[in-house]
Number of protein chains: 2
Amino acid sequence: MGTSSFTCAAIRDGSMISFNSPRRNESGSDRERLPNTSYAVLGMLSFGDELSGYQLKKRADNLRFFYWSPAHSQIYAELRRLEKLGYVTHREVRQVRRPDKRVYRITDAGQDVFETWMNESPVEPVSLKHSVVLRLFFGHVADPDRLREVLADYAEQVSEVIEDLQGISDEISESDQFFYPAVVAEWGIGYYEAERRAALRAIERLDERPEGLTGEDDADTA
Amino acid sequence: MGTSSFTCAAIRDGSMISFNSPRRNESGSDRERLPNTSYAVLGMLSFGDELSGYQLKKRADNLRFFYWSPAHSQIYAELRRLEKLGYVTHREVRQVRRPDKRVYRITDAGQDVFETWMNESPVEPVSLKHSVVLRLFFGHVADPDRLREVLADYAEQVSEVIEDLQGISDEISESDQFFYPAVVAEWGIGYYEAERRAALRAIERLDERPEGLTGEDDADTA
DNA sequence: ATATGCATGTAATGGGTTACATGATTGT
DNA sequence: ACAATCATGTAACCCATTACATGCATAT
């Protein structure tokens, strides 16, 4: 899966390169490798405008459909880290009838590492924690009716998400400015529609199942 | 978000009291609330058989399609915790030409909390970190060809997952013993097929886009 | 009056990973 | 000989959350 074979080939006298370095290479050769959250923050600043931590948090919430939303304290911590690395700068903005704020802007170095990440970082699989499916997997110890209820609830929740996304999609799909977000919104709609179908299909399968076989495998056979 | 307003009101000379206890209620009233990972481990033991940490880790890997796989060290730590809580017990198994092992079994108390979790815990939304979609979202700073490549790579990876799941599904869908896992496998297939479609569709949209509008919004306008 | 939004942070804790460590056995 | 599988664990670290903390402005 050719991640970047020629990039590697370009490396000649591999004095250190510490390739696949465990972590902590004080020599500072290979770019510190940040967690994805840092790149999410950097990405939100990559549009070029100045944002406060507070605004950033709200923007980050827009990613919630495909990326989790970090806590605000995490955002602030991230900003301080990025600043120490020289990837963002801030300036204080005095306000009259509002608390003062600190707005951040991405630096050239920041734009640089972000671009590098965008173009060079390997394709990772999704990391998901699907607690509903987890429960379904262990269905043998659940009350069958409750399990159906859980699935129906989930389908319901998902429907709301679809509506939200549909709304967002309608808003932004006109303007070319939001081309990529619009593509993402379409992805999201397809994603959650599939989730809805899957949940409903699972309920069907539970219903189809002949009675008398429902759960409690080893309640008395143990 | 009424945390506990009258608790506060009751405090007069607030010497300590550590009011509205952040967590850790030693009085043991409300069941400790474990992280989902604990329930995943408990769930894998809920079939009634004895398992070593090593075996457990391998079983946990089967959940990887819809739940992430914890590191082995995490499994061991989890088992020790659950044992301290009385939800599992272990016994040492001497082996001749293999390292000795420690096999764990769920207790009645453990089965109990697990059932309670299965039936009572609220329906949580999926938590996903989709780094590929994250990159797509910030497509304006990516090299358009590389972005397409990333999406194609992802679609390819997903195809392999589908094949894996198809294989598993074929194996288990015969036996009624694996009813729930089979339902989950079907869910998974639908899920990853949707992912594949979404990735392919996104490539299409990138292709459809008129030239000259690709990325680099503020490369020179800054 | 009370809640909500704006705005920024610290402290404590927890969940989880990676690397380090050990050591025998089996397959190539 | 070398790698992989079996088997269990510790140490260090870091990412992230929750709760604590403050304070003004506006809307209800």
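Fair warning: this is a prediction, and the values are worked out from it, not measured in the lab. Here is the naming used below: chain letters follow the sequence lines, and residue numbers restart at 1 for every chain.
Picking from C:dG15, C:dT17, D:dC15 the nucleotide with the shortest atom distance to the side chain of B:Arg81 gives C:dG15. Among the nucleotides D:dT10, D:dT17, C:dG16, the one closest to the side chain of A:Trp68 is D:dT17. When the nucleotides D:dG9, C:dT17, C:dC6 are ranked by their closest atom to the side chain of A:Tyr54, C:dC6 comes out on top. Of the candidates D:dT8, D:dA16, C:dC6, the closest approach to any side-chain atom of A:Lys58 belongs to C:dC6. Comparing C:dT8, D:dA19, C:dG16 by their nearest atom to the side chain of A:Ser73 picks out D:dA19.
Taking atom CD on A:Gln74 and atom C1' on C:dT13, their separation rounds to 14 Å, with Å as the unit. Atom-to-atom, CD of B:Glu83 to P of D:dT8 comes out at 13 Å; the value is rounded to the nearest Å. In this structure, CZ of B:Arg33 is placed 13 Å from P of C:dG14, rounded to the nearest angstrom.
Within the 6.0 Å centre-distance limit, the rings of A:Phe137 and B:Phe66 are counted as a close aromatic pair. Ring centroid separation for the pair B:Phe65 and B:Tyr191 does not come in under the 6.0 Å cut-off.
No donor-acceptor contact under 3.5 Å links the side chain of A:Ser52 to the base of C:dT8.
Note on B:Tyr76: a side-chain N or O is less than 4.0 Å away from OP1 or OP2 of D:dT8. An OP1 or OP2 oxygen of D:dT10 is reached within less than 4.0 angstrom by a side-chain nitrogen or oxygen of B:Arg80.
Taking the nucleotide of DNA chain C with the nearest heavy atom to each of A:Lys129 and A:Asp100, the more 5' of the two is matched to A:Asp100. If you find the closest nucleotide of DNA chain D to B:Tyr104 and to A:Asn36, the one lying nearer the 5' end belongs to B:Tyr104.
Contacts of A:Ser69 with the nucleic acid, taken as non-hydrogen atoms under 4.0 Å apart, involve only primed sugar atoms and P, OP1 or OP2.
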Give the intermediate values and the outcome of salt bridge (charged side-chain N to carboxylate O under 4.0 Å, His left out) for residues B:Glu149 and B:Arg146. CA-CA 5 Å; B:Glu149 208 177 271; B:Arg146 174 60 186 151; 2.8 Å; yes
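Heavy-atom minimum distance, A:Asp100 versus A:Arg94: OD2-CD, 3.0 Å.
Heavy-atom neighbours of B:Arg81 CZ from other residues, nucleotides or ligands within 6.0 Å: above the threshold of 12.
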